[in-house]
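Order of the sequence lines fixes the chain letters, A, B, ..., with proteins taken first and strands second; residue numbering starts at 1 for each chain.
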Amino acid sequence: MTRRTTPPPSSPRAELQGVRALVEIAFGRRPSLRVDPLGKDPARWREVRPLLEWLYDRWFRVELSGAEHLDDEGPTLWVANRGGYLPWDAGMLAVVAHRHGIELRPLVEDETFYLPYVGPVLNRLGAARACKENLEWILSRGGHALIFPEGARGSRKPFGRRYQLQPFGGGGFVRIAKRMGARIVPVAVVGSEEATPLLGKISLAPLRLPALPVTPTFPWLGALGLLPLPTPWKIAVGEPLSLPRGELDPAAATRTAEEIRARLAAMLRRLRAPDRLSPGSGPAPGGGAPRGSRDGPRSPAAPGFPG
Amino acid sequence: MAKRRKGPGVVAVVGSRSPLGQGLLERLEGDPSVTRVVAVDLRPPGTLGPKTRFVRLDLTHAQAQRQLAAALEAEGVEALAHLALLGSPLANEAYARELEVGGTARVLEAAGEAGVEQVALRSTTAVYGAAKHPALLDEDAPLAPNDAAFLTHKREAEALARRFAEAHPEARVAILRFAPEIGPRSDNLFRRYLTAQVAPVLAGHDPIVQVLHEEDAAEAILHVLTHGIAGLFNVAPAGALPLSAALDVLGSRPLPIPSPVAMASTRALRSLGVLPSWREPLLDFLRYPVVADGDRFRSRGFTFQHDVVTALQTTRSP
């Protein structure tokens with residue numbers, strides 16, 4: 001069911017300290033003496049979390065649905081759509097996970113993970129480079145990983161193509177999830193694309209630097225322009241798919257990945273449909289994706305997931 | 001291969017004057033399963049133990065192979081550690097190549113002629129190259145392209161050792177990729193960088209770095225020689241730190257430089273004759289993490305005594 005998370009009592013001090021921690025990590029001024037093998041410093045995550053929670057509750061006013069599908073039994077592989085230049089979506093999903101007792105490890109595409117200043121922050125807070133070895137590392141320890149199969153195709157697409165799911169690539173993540181016995185949790189995020197709409201890019205290739213994004217606020221407002229716009233967000237958690245542990249041939253994996261993509265596309269459509277006007281969605285206004293109402297994606301998806 | 005009866009017997013250390021070589025000589029002197037030690041280098045070791053004999057040899061010399069083979073045979077050497085590879089790049093890359101690649105070829109040929117049963121080659125985790133890697137690199141990880149001579153020489157030396165292993169199936173050949181060595185005695189490019197008062201860093205980048213205490217490095221070679229271990233291994237302790245934290249522990253001040261400026265000034269400094277050995281590909285090690293997974297070596301019974309923080313702390317004290 002669609003429900004608005006009740007904001008916990010917040011102290012502005014903690015959030016401001018989160019901002020400070022964020023800036024200091026970016027400039028290498030807050031040394032981490034303990035990081036895990038993927039580069040996460042749990043202390044930095046604790047410092048920045050109040051800021052992310054404030055963004056979740058007050059800035060983006062996230063409406064979460066499908067939370068009944070979440071439990072802390074690992075391993076799980078969250079599969080989400082990627083929107084916006086900077087991975088605020090990963091941060092908001094980490095908050096969702098944290099509030100359900102789950103430590104979520106986002107895997108971020110190279111184009112974002114190696115950005116100067118941004119990369120070290122993402123890494124210390126728990127994100128890692130999106131690659132098969134890192135995914136296996138997380139899942140083999142019974143952990144929870146978040147991937148964006150669209151990768152940079154999702155985060156670097158122009159605003160006009162927002163929420164159009166880009167190709168998922170091969171089904172590599174499906175094969176790894178099946179080998180590790182991980183449940184796949186589809187997660188749809190709406191609001192991320194409007195928070196940092198990508199209007200264009202400035203190439204800095206001659207300097208061997210990544211291209212600069214052009215948004216309504218960046219680079220016009222300087223570093224302040226990197227802040228996301230306060231768009232209302234909706235996040236829907238879909239029913240997890242349990243794949244029996246084992247090997248999968250590449251063709252079957254690609255098929256399953258396509259089915260997941262179709263499901264995610266349907267969840268996005270439902271989330272974006274205007275309230276009350278969503279045609280034929282029955283008892284689920286706003287597209288919360290409750291169990292009973294999954295009409296479109298269910299039938300094509302079902303044969304792909306025995307058990 | 002049958003298990004060794006009891007220890008390696010007679011051991012040769014090529015490159016015995018290096019900090020790692022000195023550490024190994026001390027351990028071999030103290031190990032009762034080692035009967036004699038042959039120390040091979042251009043200069044004699046600082047202290048010569050009662051079991052140790054010094055053989056002066058220039059590995060870049062054409063006659064080195066013949067001389068070394070004769071010495072190995074005369075002493076009845078059973079195990080050999082080849083440590084004569086550079087810890088810092090040299091401006092004279094032709095000489096460096098002659099020493100690292102040519103020298104390794106001569107040492108291996110001599111070992112083959114003398115029927116040495118066990119060979120350990122010192123390599124480095126830098127051979128993986130600095131690139132967009134997984135967070136942890138195991139021994140099967142592909143080597144990223146990097147044309148710094150400092151790396152390519154080690155890769156060529158490893159290839160020679162692999163060929164030697166194929167040609168001599170009766171010999172046990174171990175290739176040891178050491179994480180950057182650190183400690184009170186070690187001396188290499190990365191240690192000099194970390195312990196500089198002001199350390200240039202690439203602005204906005206803070207890669208995870210891994211270090212290996214010099215005592216663990218010497219113990220690792222001893223472990224390989226005394227247990228007859230063969231194969232390719234990362235010698236890298238668990239645990240790593242962001243570069244910013246490593247510099248902080250050592251009391252070095254980071255000096256952030258935007259990458260385009262760093263690239264341009266590297267080129268400019270070299271053309272002016274300052275920092276002649278420093279090349280742009282090495283800058284990538286300040287951008288991308290190279291962290292090796294030491295599980296395979298640990299599974300062969302080795303225990304690291306130092307973690308990254310204690311290793312750095314022993315280095316800090318002058």
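Under the rule for a side chain to side chain contact (heavy atoms under 4.5 Å, CB included), the partners of B:Arg97 that lie at least two apart in sequence or sit in another chain are B:Val101, B:His153, B:Glu156.
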What's the verdict on side-chain contact (heavy atoms from CB on, under 4.5 Å) for A:Arg29 and B:Asp248, showing C-alpha distance, side-chain angles and the deciding distance? CA-CA 9 Å; A:Arg29 292 304 171 93; B:Asp248 191 60; over 6 Å; no

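B:Ala245 approaches A:Ser32 most closely through the heavy-atom pair CB-O, 3.1 Å. Nearest approach of A:Arg34 to B:Leu241, heavy atoms of both residues: N-CD2, 4.2 Å. What you find for B:Ala240 and A:Val35 is that their closest heavy atoms are O-CG2, 3.1 Å. B:Lys132 and A:Arg129 get closest at one heavy-atom pair: O-NH1, 2.9 Å.
When the shell of 6.0 Å around CZ of B:Arg253 is examined, it contains 12 or fewer heavy atoms from other residues, nucleotides or ligands. Applying the 6.0 Å contact sphere to CZ of B:Arg296 captures more than 12 heavy atoms from other residues, nucleotides or ligands.
Scanning residues 200-207 of chain B against chain A with a 4.5 Å heavy-atom cutoff picks out B:Ala203, B:Gly204, B:His205, B:Asp206, ordered by number.
Neither the backbone nor the side chain of A:Asp36 has a heavy atom closer than 4.5 Å to any heavy atom of chain B. Of the atoms belonging to A:Ala128, not a single heavy atom falls under 4.5 Å from chain B. Only the side chain of B:Val249 comes within less than 4.5 Å of a heavy atom of chain A; its backbone N, CA, C and O stay farther away. Both the backbone and the side chain of A:Tyr114 have a heavy atom closer than 4.5 Å to some heavy atom of chain B. For B:Val309, the part lying near chain A is the side chain, with the backbone staying farther off; criterion is any non-hydrogen pair under 4.5 Å.
At a threshold of 4.5 Å between non-hydrogen side-chain atoms, the residues B:Val291 and A:Pro37 do not count as touching. Residues A:Arg124 and B:Ile208 are in side-chain contact: their nearest non-hydrogen atoms beyond the backbone lie under 4.5 Å apart.
In terms of non-hydrogen atom pairs under 4.5 Å with chain A, the most contact-rich of B:Pro134, B:Pro289, B:Ser244 is B:Pro134.
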